[in-house]
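Report on the structure given below.
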There are 2 protein chains.
Amino acid sequence: MNIGLLLYIPYRDLENRIMAAVTGAGFDVTLAQARVLQRIGPDGTRLTELAEAAQVTKQTAGFLVDQLEKLGYVERVPDPTDGRARLVRVTEKAKGATPVAEAEIARIEAEWEQHIGKRRMAQLREALEKLGEITDPYR
Amino acid sequence: MNIGLLLYIPYRDLENRIMAAVTGAGFDVTLAQARVLQRIGPDGTRLTELAEAAQVTKQTAGFLVDQLEKLGYVERVPDPTDGRARLVRVTEKAKGATPVAEAEIARIEAEWEQHIGKRRMAQLREALEKLGEITDPYR
DNA sequence: TGTTTTAGTCAGCCTCTCTGATTAAAGTAG
DNA sequence: CTACTTTAATCAGAGAGGCTGACTAAAACA
């Protein structure tokens with residue numbers, strides 16, 4: 001079986017479950033919105049940085065931030081260090097989502113470890129981390 | 001680091017490279033089209049089956065098959081065993097794409113093995129296959 | 001025979017993503 | 001200090017890919 005599909009199957013499962021947990025907890029965000037939301041730093045992040053981190057164009061990031069803003073999950077404030085820029089900041093409303101996602105990830109990882117064993121889980125992580133060295137374009 | 005991202009990074013790298021190889025060889029298909037094309041069996045496959053395998057609705061699969069048909073990569077023929085159904089079949093024109101994709105996969109796997117070592121590569125495969133048992137909705 | 005299921009299509013809509021052009025502020029070279 | 005270039009963000013327009021709902025025709029079943 002193709003290694004690509006082997007990687008994709010658990011990834012999709014994980015992503016679906018995290019999204020289900022987050023939306024189930026009342027945070028009504030889409031996957032694309034969540035990908036942006038996730039990258040906003042504690043003191044706010046510029047749109048351009050978000051776009052780079054999420055690997056989309058500035059226009060796409062702007063579009064998603066517009067939606068998140070309308071939903072009340074983020075706000076845009078002027079960047080005091082640069083008159084052109086604005087900082088996208090997570091609102092209080094959105095801050096509850098992170099622990100929900102993290103709890104679900106922990107739950108899934110525990111299930112996986114339960115099924116494939118502690119040893120194999122550690123090997124999986126190790127192999128993937130090493131693979132990231134040559135496949136991650138952002139390092 | 002999040003296990004989801006760890007899975008996703010090499011997956012995306014693989015997918016991007018396969019698509020680059022296939023389109024570079026002159027097969028002008030999009031990712032979504034390729035996902036459908038890939039699932040067509042040697043004797044043709046019904047639209048409904050393709051939709052299930054690719055995890056999209058029948059309408060979406062039909063839309064993609066329409067495009068592939070216009071491009072000359074597939075043809076629709078009546079299913080002799082069911083008057084309602086039609087079989088989607090890969091044309092000669094598209095058959096050259098498979099070896100291109102397979103060669104690229106082989107090349108990538110060799111590179112990965114080179115970097116992380118034969119042992120870790122085998123462990124990775126083993127862990128992923130076992131993980132598929134609980135994360136693959138189609139088994 | 002009449003009802004229900006199944007294969008596929010038609011119509012319409014939404015989300016996400018892109019390219020290209022524009023505005024305003026910052027940085028830089030003369 | 002002024003003119004040019006770069007950078008942050010937005011506006012405008014388009015296209016791909018996905019969905020739901022309604023429908024037709026053939027098959028399966030009671």
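The chains referred to below are lettered A, B, ... by the order of the sequence lines, with proteins before strands, and numbering in each begins at 1.
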(request) Tell me, please, the opening and closing nucleotides of DNA chain D, 5' to 3', among those with an atom under 4.0 angstrom from a non-hydrogen atom of chain A. (result) D:dT7 to D:dC11
(message) Can you give me the first and the last nucleotide of DNA chain C (5' to 3') that has an atom within less than 4.0 angstrom of a non-hydrogen atom in chain A?
(response)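 Contact boundaries, 5' end first: C:dC16 to C:dA26.
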(request) Would you kindly confirm whether A:V65 and A:V77 end up in one hydrophobic cluster when ILVMFWY residues are joined by side chain heavy atoms under 4.5 Å apart? (result) no
(request) Run the salt-bridge test on A:K95 and A:E92 with the 4.0 Å N-O cut-off and return the result as yes or no. (result)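 Answer for the salt bridge query: yes.
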(message) Check B:K130 with B:E126, please: is the shortest side-chain N to carboxylate O separation under 4.0 Å?
(response)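 No, no charged N to carboxylate O under 4.0 Å.
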Determine the contact category for [X]: base if any of its heavy atoms lies under 4.0 Å from a base atom, sugar-phosphate if only primed atoms, P, OP1 or OP2 are that close, otherwise nothing.
| X | result |
| --- | --- |
| B:G83 | sugar-phosphate |
| A:D79 | nothing |
| B:Q67 | sugar-phosphate |
| A:T48 | sugar-phosphate |

Search all heavy atoms of [X] against all heavy atoms of [Y] and return the closest pair with its distance.
| X | Y | result |
| --- | --- | --- |
| B:R39 | B:T45 | O-OG1, 3.9 Å |
| B:L6 | B:P10 | O-CD, 2.9 Å |
| B:E109 | B:M121 | O-CE, 4.1 Å |

(message) Closest-nucleotide mapping onto DNA chain D: is A:R84 or A:Q59 further toward the 5' terminus? I mean the 5' end.
(response)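 Its nucleotide being nearer the 5' end, the pick is A:R84.
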(request) With sequence neighbours left out, write down each residue that passes side chain to side chain donor-acceptor pair (under 3.5 Å) with B:D66, or none if nothing qualifies. (result)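 Testing B:D66 for side chain to side chain donor-acceptor pair (under 3.5 Å), a comparison that skips the adjacent residues, returns B:R76.
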(message) I want to confirm an ordering. Mapping B:L87 and A:T57 to their closest nucleotides on DNA chain C, which one lands closer to the 5' end?
(response) B:L87
(request) Let me know, please, whether A:R35 or A:T81 comes out on the 5' side of the other along DNA chain C by nearest nucleotide. (result) A:R35
(message) Applying salt bridge (charged side-chain N to carboxylate O under 4.0 Å, His left out) to A:E104 and A:R107, what does each step give before you reach the verdict?
(response) CA-CA 5 Å; A:E104 186 64 17; A:R107 195 172 304 119; 2.3 Å; yes
